[in-house]
J.: 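Next up is a structure, given as structure tokens.
Order of the sequence lines sets the chain letters (A, B, ...), proteins ahead of strands, with each chain counted from 1.
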Amino acid sequence: MDLSLILNTFMLLTLATLSTPILFPLLSNNLKNTPDTITNTVKISFLISLIPMTIHIYSGTESLISLWEWKFIMTFKIPISLKMDFYSLTFFPIALFVSWSILQFATWYMASDPYITKFFTYLLFFLIAMLTLIIANNLFTLFIGWEGVGIMSFLLISWWHGRTEANTAALQAVLYNRIGDIGLIFCMAWLASTTNTWEIQQLPTPTQTPTLPLLGLILAATGKSAQFGLHPWLPAAMEGPTPVSALLHSSTMVVAGIFLLIRTHPLFNNNQTALTLCLCLGALSTLFAATCALTQNDIKKIIAFSTSSQLGLMMVTIGLNLPELAFFHISTHAFFKAMLFLCSGSIIHSLNGEQDIRKMGGLQKMLPTTTACLTIGNLALMGTPFLAGFYSKDQIIENLNTSYLNTWALLLTLLATSFTAIYTIRMTTLVQSGFVRVPPLTPVNENNPAVTSPITRLALGSILTGFLITSYIIPTKTPPMTMPLSIKMTALAVTALGIILALEISKMTQTLILTKQTPLSNFSTSLGYFNPLTHRLSMTNLLKGGQNIASHLIDLSWYKMLGPEGLANLQVMTAKTATTLHSGLIKAYLGSFALSIFIILMSSY
Amino acid sequence: MSYLHLCFYSAFTLSSLGLAFHRTHLISALLCLESMMLSMYIALTMWPIQTQSSISTILPILMLTFSACEAGTGLALLVASTRTHGSDHLHNFNLLRC
């Protein structure tokens with residue numbers, strides 16, 4: 001039995017199933033979409049995509065399909081090729097599972113929206129673009145998927161486009177992603193001119209790759225995965241509806257940057273500069289995001305900063321030259337982060353739109369399923385032993401501790417891990433336990449299976465995924481096996497320290513008085529002063545430069561001082577000086593001139 | 001001197017006397033200036049015909065260009081002085097001078 005043929009067939013069948021809700025309404029007027037049909041389509045695609053993954057786990061089959069080839073110029077051909085290797089075969093079921101749960105949740109969350117079918121179609125478009133990015137074998141197809149997810153992110157963040165903040169946030173997302181795209185296009189240009197191909201399996205692994213294209217790739221990942229420097233769009237993207245935040249900005253779109261670095265990993269292998277840059281950038285991002293999450297009061301913003309922090313951790317893993325571990329963390333992170341967002345969506349709808357955790361409390365008795373799954377997700381995020389997050393996160397920190405690397409990056413990452421525990425416990429305590437701070441009449445209701453079954457499904461995934469992946473996938477690089485006990489327990493000790501600290505502090509703040517403003521708390525609350533500094537400075541300088549060139553340089557200098565008017569001014573100056581020297585009797589001057597000429601002519605005879 | 005030279009010299013002299021002794025209007029001075037230019041043009045054209053050297057044929061054209069510019073400047077001055085003084089009578093020009 002030809003396993004690669006079955007693999008190819010089922011993968012293409014997955015993609016074909018996903019595109020039926022887009023194609024069928026165009027063919028006939030009777031085949032209109034509804035939210036339920038789209039949800040069922042994604043569920044069927046998930047079930048179909050389990051088969052290729054099982055085949056790969058069973059026999060290690062990988063395959064490469066090359067469809068039509070675009071003969072760009074004579075010497076440079078761009079095939080549309082799909083690569084089904086470990087990364088794409090494993091990520092397809094995970095992405096489709098998470099998307100199915102989110103779409104099922106969205107049938108309840110967006111039920112009162114008049115354009116709910118358009119919303120679901122947008123989510124489906126996004127999913128197809130993301131899967132194109134994952135399965136792409138050359139950078140051209142990857143770029144198509146990259147741009148696709150960027151556009152759908154813009155359309156979905158500004159879903160409630162009557163709201164100014166939503167429009168600003170969508171614009172911010174597009175602009176920051178565009179800056180990252182510059183890096184990706186630069187790297188594509190370098191690859192096309194140096195190696196004459198954009199195929200990923202033909203990436204060169206020389207002893208020393210020049211650093212410049214790698215900087216382009218790191219810039220692309222910084223833009224798309226919200227590393228420090230191009231990060232403000234991710235917290236702002238919480239303006240979109242909760243299903244959008246769950247799908248795009250936690251599980252799938254933001255990992256596209258990290259996925260690009262995983263795909264192009266052969267280029268990074270030997271270039272220590274690029275790897276150290278990834279390491280330090282990731283460490284800085286994870287600490288910065290964790291610091292900002294400490295004083296946030298909006299539940300969605302806390303989870304957004306948590307996503308940003310975990311993305312920094314993935315970047316650190318890339319910097320350690322461990323792409324498979326980064327992919328493992330992407331997979332486990334997708335489950336519990338999507339679940340956290342869905343739980344927060346359920347809480348928000350139950351409290352009639354309340355997103356401030358200072359106005360929630362005691363929800364444990366009112367929303368038992370949601371808060372139980374919230375607790376499971378938070379424990380998985382913190383790296384509680386043997387939940388999903390533990391397998392990937394603990395392994396990353398063990399590798400960090402036993403590698404020869406920048407100590408500063410190590411310290412920042414450990415500090416960020418303890419901060420993760422702190423803000424997670426803070427969120428859990430303020431949302432679930434304590435006295436009820438919710439207004440009396442709230443439509444608290446989680447009895448709809450459209451709410452509880454996605455959340456419990458994802459909870460099951462958060463518990464089991466780590467165990468399943470480590471059991472069935474054999475790593476290509478040996479994990480560190482021997483280390484002193486203190487190093488082994490570092491992650492656990494740091495997290496436990498964070499938990500104890502958070503519980504102690506939350507006991508001290510039983511009464512909700514206004515916190516005293518210290519420089520450190522101000523830094524955390526205003527997100528590091530990054531947004532006002534960069535946004536206003538860059539805009540002011542841009543507009544000032546424009547005014548200098550257009551108005552001062554061109555108008556003032558060329559026309560007034562150096563050009564026509566300058567000449568006129570010069571003449572007026574000389575004329576004014578010369579007028580004082582004569583009396584203006586032209587007739588007398590000309591008559592004396594004629595007389596002089598006559599005398600001279602007569603005297604020559 | 002030949003008949004041609006007499007024509008040229010007398011035209012030039014009459015024009016220059018007209019420029020020097022104009023009485024009322026500025027525009028008559030400008031007209032005399034133009035006729036000086038015209039007589040010089042005719043003279044410069046005669047020169048390559050007389051001496052059979054065709055290389056100096058360009059000289060009257062050059063002179064014509066410059067005299068056209070000069071005529072334009074003169075007319076601009078005329079218009080400017082008419083704007084400020086109301087007419088081109090010459091005795092107005094230094095009337096209000098201190």
J.: Under 6.0 Å between ring centres, would you say that holds for His231(A) and Phe530(A)?
T.: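 When the ring centroids of His231(A) and Phe530(A) are compared, they turn out to be within the sub-6.0 Å range.
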
J.: Show which side-chain atoms of residues 591-600 of chain A pair as donor or acceptor with protein atoms under 3.5 Å away, not counting sequence neighbours.
T.:
from: Ser592(A); atom 1: OG; to: Ala588(A); atom 2: O; distance (Å): 3.0
from: Ser592(A); atom 1: OG; to: Tyr589(A); atom 2: O; distance (Å): 2.7
from: Ser596(A); atom 1: OG; to: Ser592(A); atom 2: O; distance (Å): 2.5

J.: Can you list the steps and then say if Lys560(A) with Glu565(A) is a salt bridge (Lys or Arg N to Asp or Glu O under 4.0 Å)?
T.: CA-CA 5 Å; Lys560(A) 278 195 190 297; Glu565(A) 276 195 48; 3.7 Å; yes

J.: So, do Leu175(A) and Trp233(A) sit near enough that their side-chain heavy atoms are less than 4.5 Å apart?
T.: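 SC-SC contact between Leu175(A) and Trp233(A) ruled out.
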
J.: What residues of residues 16-27 of chain B make heavy-atom contacts with chain A at a cutoff under 4.5 angstrom?
T.: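 Against chain A, the residues of residues 16-27 of chain B that fall inside the cut-off (heavy atoms, under 4.5 Å) are Leu17(B), Leu19(B), Ala20(B), Phe21(B), His22(B), Arg23(B).
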
J.: For residues 35-42 of chain B, which side-chain donor-acceptor pairs fall under 3.5 Å, sequence neighbours excluded?
T.:
from: Ser35(B); atom 1: OG; to: Ser15(B); atom 2: OG; distance (Å): 2.9
from: Ser35(B); atom 1: OG; to: Cys32(B); atom 2: O; distance (Å): 2.8
from: Ser39(B); atom 1: OG; to: Ser35(B); atom 2: O; distance (Å): 3.3
from: Ser39(B); atom 1: OG; to: Met36(B); atom 2: O; distance (Å): 2.8

J.: Using a 3.5 Å cut-off and no angle test, enumerate the donor-acceptor pairs between side-chain atoms of residues 141-150 of chain A and protein atoms at least two apart in sequence or in another chain.
T.:
from: Thr141(A); atom 1: OG1; to: Asn138(A); atom 2: OD1; distance (Å): 2.5
from: Trp146(A); atom 1: NE1; to: Asp181(A); atom 2: OD1; distance (Å): 2.5
from: Glu147(A); atom 1: OE1; to: Arg178(A); atom 2: NH1; distance (Å): 3.1
from: Glu147(A); atom 1: OE1; to: Arg178(A); atom 2: NH2; distance (Å): 3.0
from: Glu147(A); atom 1: OE2; to: Arg178(A); atom 2: NH1; distance (Å): 3.2

